[in-house]
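Some notes on the structure that comes next.
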Protein chains: 2
Amino acid sequence: MDWSIQDIARIAGTTSRTLRHYDDIGLLKPSRTGHNGYRYYNQAALVQLQRILLLRGLGLGLPVISQVLDDEADATKALAGHLEWLKQEQDRLARQIASVTQTIEAVKGGGEIMAEDMFDGFDHTQYKDEVEERWGKDAYAKGDSWWRGMSADEKSAWKQRSRQLGADWITAATSGIAPDSAEAQAMAKRHVEWLTGIPGTPASDVAGEVNDGGKARLKAYVTGLGEMYVADARFAANYGGQDGAAFVRDALAFYAEQNL
Amino acid sequence: MDWSIQDIARIAGTTSRTLRHYDDIGLLKPSRTGHNGYRYYNQAALVQLQRILLLRGLGLGLPVISQVLDDEADATKALAGHLEWLKQEQDRLARQIASVTQTIEAVKGGGEIMAEDMFDGFDHTQYKDEVEERWGKDAYAKGDSWWRGMSADEKSAWKQRSRQLGADWITAATSGIAPDSAEAQAMAKRHVEWLTGIPGTPASDVAGEVNDGGKARLKAYVTGLGEMYVADARFAANYGGQDGAAFVRDALAFYAEQNL
DNA sequence: TCTTGACCTTGACGCTACGTCAACATTTAG
DNA sequence: CTAAATGTTGACGTAGCGTCAAGGTCAAGA
């Protein structure tokens, strides 16, 4: 007792094209082939097909499924590995949802997706409210006047330096080194020094102080900034996306913990 | 001031291949092209690139990004739509994780991914423990002896009937009709009648009774079974996967509510 | 000046899991 | 006997680039 290709397709809830595909890649061969080339499937093939569709429904890829069917012993292993991947995907999705949500808010408020001066320390036009709220009422005014006081060449040089810093971070993040490695910590040091060059932020304020209260504020500023890089997709974009930004955040956090 | 293709690739944290691709599909043209065909990008192009990478990092597709950049006014709309999609994906992932987890347990206990007699009412060999636990100590024994008592032809006919039912459910689920539609409810009726034909289950026990307690048990059995079809990927596979199984569950639930 | 090496160009294939024609042969129903 | 259903193989399309391949360009050192 066997069925034609359409028959099992209907029984199993799939299409004949899929069955031909599985035949092509050797995942499921028909149990019998007619003299005319027609594919026929028997009970055993149907069970195999059900298994395939079951595993596929769980999100496994066809090569993995093939391997699991060959050796059902490591089915548990394959499934466990897949489960890990699924959980990572879930985390990634959660972060993306948070990012999109926040970006919607930012775009609603700011108007543009990314301002031209984004990343140059912080945005001096789009981030007025946010800067005032997070770092104090006069922080924005200070930073703004400092920026406006620069000549075109100075601005250009500053931007160049900022971009270079970002590019180097990206290089570091994608090179596979750890956030607490010497190279990454050197980058963190450079980043903090760079921050210190921007008036109107806790970083620059602290530069002239020696008391501990100032150092505590700097530490909070640096770590907080790292979080913001990850949370705000517009900043994250400057570090090669969320993954790169996460690397920067981790490196900064470790640096702050050790040195500030 | 402009940069070569490698320069911005490094600054923005992407690759030159990606930039060529964006040029090919018209998403981001170089601001200038040398007599030798070299691509050069300026500040404005860099900002555009950052926007693109930002949106890409949020999970948007390139065509959508292109559209958003053309008209930033509906960026909010596009992002909101994308957010919906992301949430659906999150739900799907959550269901998959639950399914995989449960399948791992089942495989650990049962040994095989899907038994040959799966779907023939319930599995008479792999589901001993589960059947006993869920439907009573003697349910398994009853069902098993009933099954063993059948001749080969009878078994074959029964399997055929079971498969036909599953195939028809799949057809109904994929045809776009509602679970509470007349056609789906007719299927639900047929399903319950089919269940009644399996000894050792609450469904068959009730067939001979007239009291209300029996009807309540049948109702609980039918709705519970529907949930199990969705929760257990091995059953779900018989109804075309989780989506199909969900359709069956909904149809059964509605039928039980109205008629039992 | 010649060479070396780094960087640039335009194709074009590969990847996932099939959907979707196309062109043609065969089986089945009326 | 014909029309409709169903079967076959072959090949392109999909998303977003990675990855050769084969060959021009450019800056710097011997």
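Sequence lines set the chain letters: A, B, ... in the order given, protein chains first and strands last, and positions in each chain run from 1. Model, not experiment: these values are computed from the prediction.
- Closest non-hydrogen pair, A/Val68 versus A/Ala78, comes out as CG2-CB, 3.6 Å.
- Distance, A/Leu28 CG to C/dA17 C1': 15 Å, rounded to whole Å.
- Rounded to an integer number of Å, the gap from A/Trp85 CH2 to C/dT16 C1' is 12 Å.
- The phosphate of D/dG7 (OP1 or OP2) has a side-chain N or O of A/Gln6 nearer than 4.0 angstrom.
- B/Pro30 is not listed as a side-chain neighbour of B/Tyr40, based on a closest heavy-atom distance of 4.5 Å or more.
- The side chain of A/Ser16 places no N or O atom within less than 4.0 Å of a non-bridging phosphate oxygen (OP1 or OP2) of D/dG7.
- In this structure, A/Ser4 reaches the D/dG7 phosphate: one of its side-chain N or O atoms is under 4.0 Å from OP1 or OP2.
- When each of A/Tyr38 and B/Leu19 is assigned the nucleotide of DNA chain D with its nearest heavy atom, A/Tyr38 is the one assigned upstream, toward the 5' end.
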Check residues 166-175 of chain A and write down every donor-acceptor pair under 3.5 Å in which the side-chain atom is one partner and the other belongs to a residue at least two apart or another chain.
unit_1, atom_1, unit_2, atom_2, d
A/Asp168, OD1, A/Gln164, NE2, 3.0
A/Asp168, OD2, A/Arg190, NH1, 2.9
A/Asp168, OD2, A/Arg190, NH2, 2.8
A/Trp169, NE1, A/His191, ND1, 3.0
A/Thr171, OG1, A/Ala167, O, 3.0
A/Thr174, OG1, A/Ile170, O, 2.8
A/Thr174, OG1, A/Thr171, O, 3.2
A/Ser175, OG, A/Ala172, O, 2.8

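- For C/dT20, neither phosphate oxygen OP1 nor OP2 lies less than 4.0 angstrom from any side-chain nitrogen or oxygen of A/Arg17.
- If you check every strand for non-hydrogen atoms under 4.0 Å, A/Gly61 touches sugar and phosphate atoms only.
- OP1 or OP2 of C/dT27 sits under 4.0 Å from a side-chain N or O of A/Asn36.
- When each of D/dG7, D/dG18, D/dC26 is scored by its nearest atom to the side-chain atoms of A/Ile5, the top-ranked nucleotide is D/dG7.
- Between the CZ atom of B/Arg39 and the P atom of D/dC26 there is a distance of 16 Å, rounded to whole Å.
- Among the nucleotides C/dC18, C/dT26, D/dG16, the one closest to any side-chain atom of B/His21 is D/dG16.
- Looking at heavy atoms from C-beta onward, A/Leu49 lies out of side-chain contact with A/Tyr41 at the 4.5 angstrom threshold.
- Between B/Arg20 and C/dT9, a side-chain N or O to OP1/OP2 separation shorter than 4.0 Å is present.
- Rounded to a whole Å, the CG atom of A/Asp23 is 12 Å from the C1' atom of D/dT8.
- The distance between atom CD1 of A/Ile65 and atom C1' of C/dA17, rounded to the nearest whole Å, is 11 Å.
- Between A/Arg56 and C/dC18 there is a side-chain N or O to OP1 or OP2 distance below 4.0 Å.
- Put simply, B/Thr15 has no side-chain N or O that comes within less than 4.0 Å of OP1 or OP2 on D/dC17.
- Rounded to whole Å, the distance from CG on A/Leu27 to C1' on C/dA17 is 11 Å.
- In this structure, CG of A/Leu60 is placed 13 Å from P of C/dC18, rounded to the nearest angstrom.
- Side-chain atoms of B/Lys87 and A/Leu93, non-hydrogen and from C-beta on, never get closer than 4.5 Å to each other.
- Listed nucleotides: D/dC17, C/dA17, C/dG19. Nearest to the side chain of B/Tyr22: D/dC17.
- At a threshold of 4.5 Å between non-hydrogen side-chain atoms, the residues B/Asp71 and B/Gln67 do not count as touching.
- Look at CZ on B/Arg10: it is 12 Å from P on C/dA6, rounded to the nearest Å.
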